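To find a chain, count down the sequence lines: A is the first, B the second, and so on, and within it residues start at 1. These numbers come from a predicted model, not from an experiment.
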Amino acid sequence: MDHKEMISLYDLPIGAEGRVVSLEVSGVMRRRLLDLGLVPNSLIKAVRRSPAGDPTAYRVRGTTIGLRMEEASKILINRL
Amino acid sequence: MSCCKTDRLEKYNIVSNDQYIIALAGNPNVGKSTLFNALTGMHQHTGNWPGKTVSQAHGSFDYNNRSYTIVDLPGTYSLLSNSADEEVARDFICFGEPDLTLVVVDATSLERNLNLALQVLEMTDRVIVCVNLMDEAERKRIDIDLKQLSKLLGVPAVGMSARSNRGTEKLKTTIEDVLEGKIICNPVRQPYSEEIERAIAEIEPEVKHLLQGSTINSRWVSLRLIDDDETILKSIEKYLMEIQENHKMGVNEPCPKSAILG
């Protein structure tokens, strides 16, 4: 039921939800994202985008976090 | 139990003649400082903004004729992302060699908070998980099975509402029981993939040898080395140099009990 289409988190439209598949980053940034709760299979929802188009607010594990396009585009998700 | 705390704690600007040192860790904004005040009867400033506890504040309390120093660490979501706050917290838990670490978690968002708890459990054995804000959770109709949580984590889990002083007595008894060996902590340790486990097995004997005579967890240090964490390398180097110097000066000899108790 989950495996619809794999896209980058940045391409998830506002209001839509997905599940994290993988993080295509390494090192400190990877650690940071994992600590924010972005682990495989986490449910994530795009909440709103700043007027300039970047960053975007996402809801994950009960908290809203802001991610830049740079990071969001490296997070692969399955859109639900 | 390790000796000569005074020397060990000096580098953290902590002067203590108390019997036991307790570290207080937790995510930002879970009521760590409120719990600190409830335990010590102090009035350390509490406030709702990040980074309030810049460096460690410490205070003490007595319970059943035993004295405890409690060190309030900065609030962090992790101990591995290498911000200044996280390094302070990590280095104290690891190299300050506290007798016990309290991890305060928010009952209303356990899932997020357990990330830090699991990281601490990976570093050290003697841990108590304080599930704070139980009153808030009740209001939100969140029911927490403390027995099951404790069973899963392998360490005691104590429910509290530090704001209204609920649970502090129970926490003090639990602290005593753990430190007196009446409760044995047996924290869950995350098994890793075969590849990583093999790498750990390869370097851990060497790491263990280097850390001889300390209570530092060699598996955890091995994992950080595999992680290519440079900041931990610096901290370990500093720590090892201090041990060596102390050896030279003969400080590592066991202290007479009177020296600890002042």
Self-check item: Heavy-atom neighbours of B:Asp143 CG exceed 12 at 6.0 Å
Solution: no
Quiz item: Distance from B:Leu80 atom CG to A:Asp35 atom CG, nearest 0.5 Å?
Solution: 6.5 Å
Practice problem: Calculate, to the nearest 0.5 Å, the distance between atoms CZ and CG belonging to A:Arg61 and B:Asn113 respectively. | Solution: 12.5 Å
Quiz item: Which bit of B:Glu86 comes within less than 4.5 Å of chain A, counting heavy atoms only: side chain, backbone, both or neither?
Solution: side chain
Quiz prompt | Greater than 12 external heavy atoms within 6.0 Å of B:Gln148's CD | solution = yes
Quiz item: Between B:Arg112 and A:Thr63, which heavy-atom pair has the shortest distance, and what is it?
Solution: NE-OG1, 2.8 Å
Practice problem: Kindly check if the number of other-residue, nucleotide or ligand heavy atoms within 6.0 Å of CZ (B:Arg219) is above 12? | Solution: yes
Practice problem: Take atom CD of B:Glu197 as the centre, draw a 6.0 Å sphere, and report whether it contains more than 12 heavy atoms from other residues, nucleotides or ligands. | Solution: yes
Quiz prompt | Residue selection (most heavy-atom pairs with chain B, distance under 4.5 Å) from A:Met29, A:Arg30, A:Arg31, A:Arg32 | solution = A:Arg31
Exercise. Give a yes or no on this: more than 12 heavy atoms of other residues, nucleotides or ligands lie within 6.0 Å of atom CZ of B:Arg189.
Key: yes
Practice problem: Name the region of B:Ser78, side chain, backbone, both or neither, that has any atom closer than 4.5 Å to a heavy atom of chain A. | Solution: both
